[in-house]
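What follows is a single structure, written as structure tokens, with notes after it.
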Number of protein chains: 2
Amino acid sequence: MEASRPDTATRILDVSERLFVEHGFEATSLRMITQQAEVNLAAVNYHFGSKDALFESVFMRRLAPLIASCLAELDELETREEKLSVEGLVTTFIRPCLALSKDPARGGALFVRLLSRTLVENHRLLRETISQQYSVFVQRYSRAFHLALPELGVEELAWRMHFAFSVMFNAFAGNDVLKIFTRSQIVSARDPDMIVKYLVPFVVAGLVSPVQR
Amino acid sequence: MEASRPDTATRILDVSERLFVEHGFEATSLRMITQQAEVNLAAVNYHFGSKDALFESVFMRRLAPLIASCLAELDELETREEKLSVEGLVTTFIRPCLALSKDPARGGALFVRLLSRTLVENHRLLRETISQQYSVFVQRYSRAFHLALPELGVEELAWRMHFAFSVMFNAFAGNDVLKIFTRSQIVSARDPDMIVKYLVPFVVAGLVSPVQR
DNA sequence: ATCAAATTAAAACGTAAGTTTGAAACGCTT
DNA sequence: AAGCGTTTCAAACTTACGTTTTAATTTGAT
């Protein structure tokens with residue numbers, strides 16, 4: 001009847017994921033984590049070694065599969081479309097994010113928010129460990145977008161990718177970031193499918209807009 | 001010859017602004033601040049009352065003038081253009097940000113980064129104090145965009161504004177957020193004018209794209 | 001059932017945080 | 001020069017942090 005209680009390490013990961021999103025890395029103490037996870041304080045250092053290492057574990061548990069999903073979608077698209085479409089490309093990124101957002105078992109929308117948050121916080125862990133490891137991801141998308149938008153120079157393409165990914169991350173992050181600006185409850189009622197309905201056209205329009213002289 | 005040393009409170013504000021951007025609010029200690037500002041540790045609490053209050057001071061020193069500039073540009077645009085153009089509207093926001101970014105005397109690009117960072121960190125101070133205070137800003141832009149894009153429903157308009165502002169903030173924030181994705185040194189070499197050259201068309205294209213059914 | 005390894009538990013450690021205190025130094029008016 | 005409010009300073013206070021330690025307990029293979 002009742003779901004069996006996950007093991008200590010998993011409980012710590014789950015609670016940490018939520019708290020890191022809510023309060024940020026620095027503002028989340030191990031005591032908050034272990035208390036809410038109902039485990040002993042020392043368990044974090046026993047299972048993960050340090051708070052830093054815990055963060056990395058929280059992060060990698062979700063990021064690795066997410067990136068793998070994106071690359072799989074990308075593979076599939078490249079066999080399906082002769083000439084890569086921008087919308088198709090955008091979708092290879094958005095669909096895995098959306099799937100993750102809708103799957104509570106994998107942290108639901110939490111991790112995407114954590115990812116977004118971590119990106120702007122410019123964490124050392126993200127700069128060092130992770131960014132190297134996933135240069136594959138970068139290269140694949142850079143090449144794909146170059147093929148889909150051959151008329152753009154490298155500089156303009158880099159900017160547009162920068163803009164596009166920052167919109168997408170923020171959209172899924174669904175930080176109430178811009179409720180300040182848009183006030184309406186509409187935006188805060190974040191149905192993931194709604195996001196995509198409006199997000200894809202917006203991003204695609206920006207990406208395919210005429211070349212700047 | 002040499003610039004006269006600013007008073008204690010100003011020195012604290014200047015250093016705090018930089019450190020809050022670099023390391024975030026929680027990870028910046030008063031001891032780091034007072035050391036770099038070459039003032040006594042107690043000076044922060046004497047002049048500002050608390051670390052929280054210091055943050056609010058740092059924030060409001062720049063935000064109030066920035067918002068005032070945007071609204072002034074908006075006023076000017078409304079007298080100049082019969083039918084508001086989307087590009088004009090976007091520019092009323094971007095131009096003050098750009099001006100701020102290029103003015104070291106007003107914190108240069110630092111504050112815009114702090115603003116962006118604070119938005120995704122979802123600070124209590126931003127949620128409480130500031131968001132109420134600047135509902136004027138929200139309402140003005142909401143109304144203006146509604147006039148410029150009358151064919152959009154309130155829901156779709158809210159989303160597009162959400163997307164648009166999140167791109168713009170991230171662009172100026174110039175966190176190396178997406179260097180991870182775009183890798184090229186181009187994006188990190190952040191000439192503010194370059195940002196605008198590519199940013200405005202991107203955002204406008206997204207905003208004016210065809211209505212979704 | 002036994003024993004070694006893995007895990008949990010309680011307590012303490014050392015450090016660094018934000019804040020407070022009370023005296024010294026300063027700036028200004030008289 | 002004296003007096004007074006403002007500002008600076010060194011030092012201490014309290015609290016909370018991440019981590020370590022040591023012992024108790026559980027687990028799993030023999």
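All values derive from a computational prediction rather than experimental measurement. A, B, ... follow the sequence lines: proteins, then strands. Residue 1 opens every chain.
Counting to the nearest Å, the P atom of D:dA16 and the CG atom of A:Leu41 are 14 Å from each other. Following rounding to the nearest Å, A:Arg11 (CZ) and C:dT7 (P) show an atom-to-atom distance of 17 Å. In this structure, A:Glu38 places its CD atom 15 Å from C1' of C:dA9, rounding to the nearest Å. Rounded to whole Å, the distance from CG on A:Asn45 to P on C:dT8 is 14 Å. What separates CG of B:Asn40 from C1' of D:dA12 is a distance of 13 Å, to the nearest Å. Residue B:Gln35 contributes atom CD, which lies 14 Å from atom P of D:dC9 at whole-angstrom precision. Distance CZ (B:Phe48) to P (D:dT8): 11 Å, rounded to an integer number of Å. Rounded to whole angstrom, the span from the NE2 atom of A:His23 across to the P atom of D:dC17 amounts to 12 Å.
The residue B:Ala43 sits apart from the nucleic acid: no heavy atom pair falls under 4.0 Å. Residue A:Thr28 is classed as a sugar-phosphate contact, given heavy-atom separations below 4.0 Å to backbone atoms only.
The phosphate of D:dG18 has neither OP1 nor OP2 within less than 4.0 Å of any side-chain N or O from A:Ser50. Dashed line: the shortest gap from a side-chain N or O of B:His47 to OP1 or OP2 of D:dT8 is under 4.0 Å.
Shown here for A:Ala9 and A:Phe48, the closest heavy-atom pair between the two residues is O-CZ, 3.7 Å.
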For A:Asn170 and B:Phe169, what are the C-alpha separation, side-chain angles and deciding distance, and is it a side-chain contact (heavy atoms from CB on, under 4.5 Å)?
-> CA-CA 10 Å; A:Asn170 260 297; B:Phe169 272 116; over 6 Å; no
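A salt bridge links A:Glu78 to A:Arg140: at least one charged side-chain nitrogen sits closer than 4.0 Å to a carboxylate oxygen.
Taking the six-membered ring for Trp and the full ring otherwise, the centers of B:Phe163 and A:Phe163 sit at least 6.0 Å from each other. Ring to ring, A:Phe59 and A:Phe20 are not that close: their centroids are 6.0 angstrom or more apart.
Ranked by how close their nearest DNA chain D nucleotide is to the 5' end, A:Ser29 and A:Tyr46 are led by A:Ser29. Each of B:Asp7 and B:Arg31 was matched to the nucleotide of DNA chain D holding its nearest heavy atom; the match closer to the 5' end belongs to B:Asp7.
In the set D:dC9, D:dA12, D:dG18, D:dG18 carries the atom at the smallest distance from any side-chain atom of A:Lys51. Checking C:dT19, D:dC9, D:dG18 against the side-chain heavy atoms of A:Leu30 singles out D:dG18 as nearest.
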